[in-house]
Amino acid sequence: MKIDELDIKIMKELKKNARLSIRQLSQKVNLSPPSVAERVRRLEDEEVIERYTIDVNRTKLGYSIDCIIEVTVKNGKHEAFKTFIEQHPNALFCYRITGKSCFMVMLTVKKLEQIEDFINDVTSYTTTFTNIIFSSVKLQNESLFT
């Protein structure tokens, strides 16, 4: 699929506000509504645009502590860990990685004790190294298409 400058403009505008109507979007990119609708549909069909979502301010919901935990699985218990993490309500993401650790997990919690509980829950089949996040320097795709 070939992506041109108009496609990039459309994605930039949708990234800023995914709730724009086709009419509003067409005004912002200076293209007719039917053309914009066709381009958006094509981007969706080709899975360039995978979904529309919202950003939630976790701090306003009381989740003021974030941490990154490096997890190394012991004794081939990868499936047990994957099952555990898929069901954990405070895990924002979990990536299988290369290097000294097997996984990288981001937790968001209300209290430090919840991080300790997480570590206690996985200690029988993993070792962990935890980093508390103080602040964000750059967040998801902020510079994509800019």
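Counting begins at 1 with the first residue of the sequence.
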Look at the side-chain heavy atoms of Ile, Leu, Val, Met, Phe, Trp and Tyr, link any pair under 4.5 Å apart, and say whether Ile10 and Ile8 land in one connected group.
-> yes
Specify whether Phe84 and Phe118 have parallel, tilted or perpendicular ring planes, treating 30° as the upper limit for parallel and 60° as the lower limit for perpendicular.
-> tilted
Treating Ile, Leu, Val, Met, Phe, Trp and Tyr as nodes and any side-chain heavy-atom pair under 4.5 angstrom as an edge, say whether Ile54 and Tyr63 lie in one connected cluster.
-> yes
Linking I/L/V/M/F/W/Y whenever their side-chain heavy atoms sit closer than 4.5 Å, directly or via other members, would Leu6 and Ile22 fall into one cluster?
-> yes
On a heavy-atom basis, the closest approach of Ala91 and Val105 is CB-CG1, 4.4 Å
Measure the shortest side-chain to side-chain distance between Val71 and Val122 over non-hydrogen atoms and say whether it is less than 4.5 angstrom.
-> no
Straight-line distance of Asp121 CG to Glu116 CD, nearest 0.5 Å = 10.5 Å
Candidate pair Arg42 and Met1, rule side chain to side chain contact (heavy atoms under 4.5 Å, CB included), full reasoning = CA-CA 9 Å; Arg42 181 175 49 85; Met1 171 180 191; 2.5 Å; yes
What pair of heavy atoms forms the shortest contact from Ser101 to Thr72, and how long is it?
-> CA-OG1, 3.4 Å
Sub-3.5 Å donor-acceptor pair from the side chain of Asp66 to the main-chain atoms of Ile133, do we have one?
-> no
Does a side-chain heavy-atom distance below 4.5 Å link Leu43 with Ile3?
-> yes
Beyond-backbone contact of Ile69 with Phe129, side-chain heavy atoms, under 4.5 angstrom = no
State, to 0.1 Å, how close Thr123 and Lys74 come at their nearest heavy-atom pair, and which atoms those are.
-> O-NZ, 3.3 Å
Once you round to the nearest 0.5 Å, how far does CD of Glu5 lie from NZ of Lys9?
-> 7.0 Å
Sidechain-backbone polar pair: Lys100 side chain, Glu70 backbone, donor-acceptor under 3.5 Å | no
Atom pair NZ/CE of Lys16 and Met11 - distance to nearest 0.5 Å | 13.5 Å
Tightest non-hydrogen contact, residues Asn90 and Thr108, listed as ND2-O, 2.8 Å
Co-membership, hydrophobic cluster, residues Met104 and Tyr125, 4.5 Å side-chain | no
Take Asp117 and Val109 through the test side chain to side chain contact (heavy atoms under 4.5 Å, CB included) and record every step on the way to the result.
-> CA-CA 11 Å; Asp117 291 343; Val109 296; over 6 Å; no
Please step through salt bridge (charged side-chain N to carboxylate O under 4.0 Å, His left out) for the pair Arg39 and Asp4, ending with a clear verdict.
-> CA-CA 10 Å; Arg39 284 173 177 267; Asp4 63 18; 2.9 Å; yes
Can you tell me how far CE of Met106 sits from CD1 of Ile68, rounded to the nearest 0.5 angstrom?
-> 5.0 Å
Passes side chain to side chain contact (heavy atoms under 4.5 Å, CB included), Leu92 versus Leu107? Steps please.
-> CA-CA 6 Å; Leu92 296 179; Leu107 288 185; over 6 Å; no
What is the minimum heavy-atom distance between Lys110 and Leu61, and which atoms define it?
-> CE-O, 3.5 Å
Would you kindly confirm whether Phe81 and Ile97 end up in one hydrophobic cluster when ILVMFWY residues are joined by side chain heavy atoms under 4.5 Å apart?
-> no
Run the side chain to side chain contact (heavy atoms under 4.5 Å, CB included) check on Arg96 and His78 step by step: do they pass?
-> CA-CA 10 Å; Arg96 181 83 188 259; His78 290 86; 3.4 Å; yes
Going from CG on Leu31 to OG on Ser26, what distance comes out if it is rounded to the nearest 0.5 angstrom?
-> 7.5 Å
State whether the side chain of Glu86 and the backbone N or O of Thr83 hold a donor-acceptor pair below 3.5 Å, judged by distance alone.
-> no
Check Glu44 against Tyr52 and note the closest heavy-atom contact, atom names and distance.
-> OE2-OH, 2.7 Å
Straight-line distance of Gln87 CD to Lys82 NZ, nearest 0.5 Å | 13.5 Å
